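To start, the structure itself, in structure tokens.
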Amino acid sequence: MADYNPQEIETKWQKRWAEARVFETEADSTKPKYYVLEMLPYPSGTMHMGHMRNYAIGDVVARVKRMRGFNVLHPMGWDAFGLPAENAAIKNNTHPRIWTNNNVGEFQRTLRRFGFSYDWRREISTCEPEYYRWNQWFFLQMLERGLAYRKKSRVNWCPKCATVLANEQVVNGGYCWRHEDTLVESRELEQWFLKTTAYADQLVDDLKQLEGTWPERVITMQRNWIGRSEGARVKFALADVPGAPPIEIFTTRIDTIYGATAIILAPTHPLVTKLLDGSPNRADAEGQLARMRQTSVKTEDLATAEKVGFFTGRHASNPFSNEKISIWVANFVLMEYGTGAIMAVPAHDERDFEFCRKYGLPVRVVVQPSEGEALVEVEMTAAFDEHQNGKLVNSGPFNGLSPDEAIVKMTAFAEQKGFGRGEVVFRLRDWGISRQRYWGTPIPVVYCPEHGLEPVPYKDLPVLLPPHPKLTGEGESPLASTPEFVNTTCPKCGGPARRETDTMDTFVDSSWYFYRYCDPHNAEAPFDPAKVAYWFPIDQYIGGITHAILHLLYSRFWSKVMRDLGLVKHNEPIFRLFTQGMIQKGGVTMSKSRGNVVGAIDMAEKYGADTSRLYTLFAAPPEKDLEWSEESIEGSWRFLNRVFRLVDKHASAIRDTQNWNFDAKGMTDKERDLIRVTYQTLLRVTQDFEKRWHFNSAIAQIMELTNEIYLSEPLENGVRPEIRKEVLEILTLLLAPMTPHIAEEMWEMLGHEDGLWKAPWPVLTDGQLELAKDQEVEIPVQVNGRVRTILRVPAGLSEAELVAKANADPAVARHLAARRIVKVIFRPNKLLNLVVE
RNA sequence: GCCCGGGUGGCGGAAUGGCAGACGCUGAGGACUUAAAAUCCUCCGGGGAUUUUUCCUCAUGUGGGUUCGACUCCCACCCCGGGCACCA
């Protein structure tokens, strides 16, 4: 009699797995491959159970696939660059590398303690020169192709981070994604960009390939983020400024152009100052303009702010109607989108309606609903903006067309006349990657007084971070105040030159790390394309919904660039994506900053890794958020003890028994019942693992099986040792993907000298499938859809026989009374429903 | 405002058109024990009738609908969570 001692068992098996190198894999074209990956963690502080859920799910998948004969790649690494390391280093007067490496050590120890089946030889850390040199290599490749460029731009500046943020890192309408209480400011700086917009079309089109294997909402979020709009660009000539260039506007509703009653420019539109030159309204206008230009960058405010604007005193003429309309400037028109100028069609656009009513601009209906009452301008209280359902009026030669027809014809007309053309506009902007911080990948270019911007030659990569930076957390990049880094020579002329001092956004690191896992120690190239061709695409990627836009969009972009560089063949790197729910405590997501974490190591020490893993899988389906409960985890602990005692009790009697030959002859009823429930459990659990990912109900099934076995105790009475062995072995194998250590231990107790890691997932023969079938079934008998009795009958009973039995049953007879049966619904082995008058 | 999720016992959850509440937690009772813990067994949605047994009835956010039959499908609404938010 031994007690279940998880600390001892878990250490023992982790050691054996490592010695036998069980989880180390190589590309092998003779075997089917399976690449399962969990998003790489940012190593900060200690790991909590919120992290572990992600890895527990991935490990189940990896272990099930291995048992099913796949060559499984399951790697782990560290997203090791980033601001917290630098901030912590400043605070503690240490080096970011020391802080980072300590955390990496802590994270690695925790993951190892949980027994996750990673191939640790493939571990990568993005802050190592062996890794980030390839960030620089990719950057130079993009620079050569015009996909990396520098421009002066208004940027999002987080005063706390003291650096620039990408648009995607500005959250909640104007706050820093790391400091959710800090408002992002707007500044003008020279910045490096990657041309994500060059792939905007593909990024949106290829989302179709992901339908069915990616969560719908992730696809929708990406589609909205890219924001593709088809419309037209139209030139409005200036009516009262001779020789001035026309104003170009973008619209998706060119069909409503006869209803345009004003042109509105963004406050920062370059034409605004020209228009105001010599305008009678000038003084007044400039005051308003100044106010508009300095309003906050909070998009949330923008959305709810009242629309304000002013008349420039100038007019433009509508190229379709030659009508003169006034030109305005207003706060709700954005310079960053389209052309920074719009035509206001108040009758058919909600925003324009609001603006024009406020300033008394005319409203003119040009699309009348095809059903119901006709619109009357003065009575309108809202714009009529339906596409589908209307026809054009007051629109010259286009009267009578539907809006959709009119869009096509009017765009063609504008193109023919030379004052407009069809255009597709994206909301997506280029990816600003410059960061004015130390702990990131140096951007590999130098500035020569003679030759200007020069890329660092490939042979000189990596450009290493200087080992002794001056970190202050303020002002420009710490690299700029590190002379031994900045001062260099021009690769072209050898004269003195300055290095670029910006470093790369850390999303660069995570955009391609999963390729490096395929060939992590390659010193000649980012990876061997042949190895990537074997392992890719990632069969299953698992992570939080928080990365639905940023990380996944950049990764998709990077893959497409790599494809165009000829490094990979696929369009999309990730075949199947799963977004798991968060672990919460007290109703909010577990996180260090909220101070509600449950430490992973603490749980492993208290209950063991197996219990901790089991509980995160059992408490809720994996896609849903899960409220951590210290009381509930006790149930998982009790269950594993219960299983262990069961195996322990029978082990000595059955360990040396021959395996059962599956001969059904001579089986006792008790044996049949046990075998049936065991096989049925196996079939259902297999389904839950492979098809539905319902780990929680898989565990429930295994618990039920365990309860059944307990109720059949003592098994020695009427169950032969070989059948006991069959039942307990299957129970053990079912648990193996989720609680691998205890499963290995029990497998050994059951007499196996080879590790369970060598055992395949059980597959039933036809004979065994026969034994899995019910011989007797319980059939609910309904009268008019209400259950009146449950009959226990032999499986496969015919309708007639069942109806006869039902009629004979007093509980049914009572409800049939003397009424006539008008219809019989019969589902074999399932249900009988008698419909009476 | 728009777009997604979701709403089932005291709690986490199960059931993808066929016995609502599997499994687990909590709680109650029993066995074992000098005792406790652990363990094993039983019970546990509401109301009513019958009271050793069983039967009826209500119940899956609300109201309709489809169906022999609806937690499940359809329509409308309410509430909760998340995402987007002047993108022309």
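Nothing here was measured: the structure is a model prediction, and the numbers come from that model. Chain letters run A, B, ... following the sequence lines, proteins first and then strands; every chain starts at 1.
Remark: the Q701(A) side chain and the H694(A) side chain contain no N/O donor-acceptor pair separated by less than 3.5 Å. Using modelled atom types and a 3.5 Å distance limit, the side chains of N596(A) and Q584(A) yield no donor-acceptor pair.
Among the nucleotides A88(B), G24(B), C19(B), the one closest to the side chain of L334(A) is A88(B). The nucleotide whose nearest atom lies closest to any side-chain atom of R638(A) is, among C23(B), G18(B), U26(B), U26(B). The listed nucleotides are C68(B), C56(B), A15(B); the one nearest the side chain of H694(A) is A15(B). When distances run from any side-chain atom of R692(A) to the nucleotides U16(B), G24(B), G83(B), the shortest one goes to U16(B). For L711(A), the listed nucleotide lying nearest its side chain is C41(B); candidates were G18(B), C40(B), C41(B). Nearest nucleotide to the K823(A) side chain, out of C68(B), A22(B), G18(B): C68(B). For R786(A), taking side-chain heavy atoms from C-beta onward, the closest of the listed nucleotides U26(B), C19(B), U57(B) is U57(B).
A distance of 6.0 Å or more separates the ring centres of W431(A) and Y199(A).
Taking the C1' atoms as reference points, C71(B) lies 13 Å from G6(B), given to the whole Å. Across the P atoms, C23(B) and C4(B) are found 37 Å apart, a figure rounded to whole Å.
In this model, no side-chain donor or acceptor of E350(A) finds a partner on the base of G1(B) within 3.5 Å. For R827(A) and G18(B), a side-chain-to-base donor-acceptor distance below 3.5 Å is present, hydrogens and geometry of angles not being considered.
In this structure, K624(A) places its NZ atom 8 Å from P of U8(B), rounding to the nearest Å.
For the pair K307(A) and F332(A), the cation-pi criterion (under 6.0 Å, within 45° of the ring axis) is fulfilled. Note that R642(A) lies in the cation-pi zone of Y710(A), set by a 6.0 Å cut-off to the ring centre and a 45° limit from the axis.
V822(A) pairs with exactly one of V836(A), L834(A), V835(A) by the side chain to side chain contact (heavy atoms under 4.5 Å, CB included) rule, that one being V835(A).
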RNA chain B in dot-bracket form (Watson-Crick or G-U pairs under 3.5 Å, [ ] crossing, | inter-strand) is (((((((..(((.....[....))).(((((.......))))).(((((....)))))..(((((..]....))))))))))))....
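Applying the 90° cutoff around 0 to the glycosidic angle, G9(B) is assigned syn.
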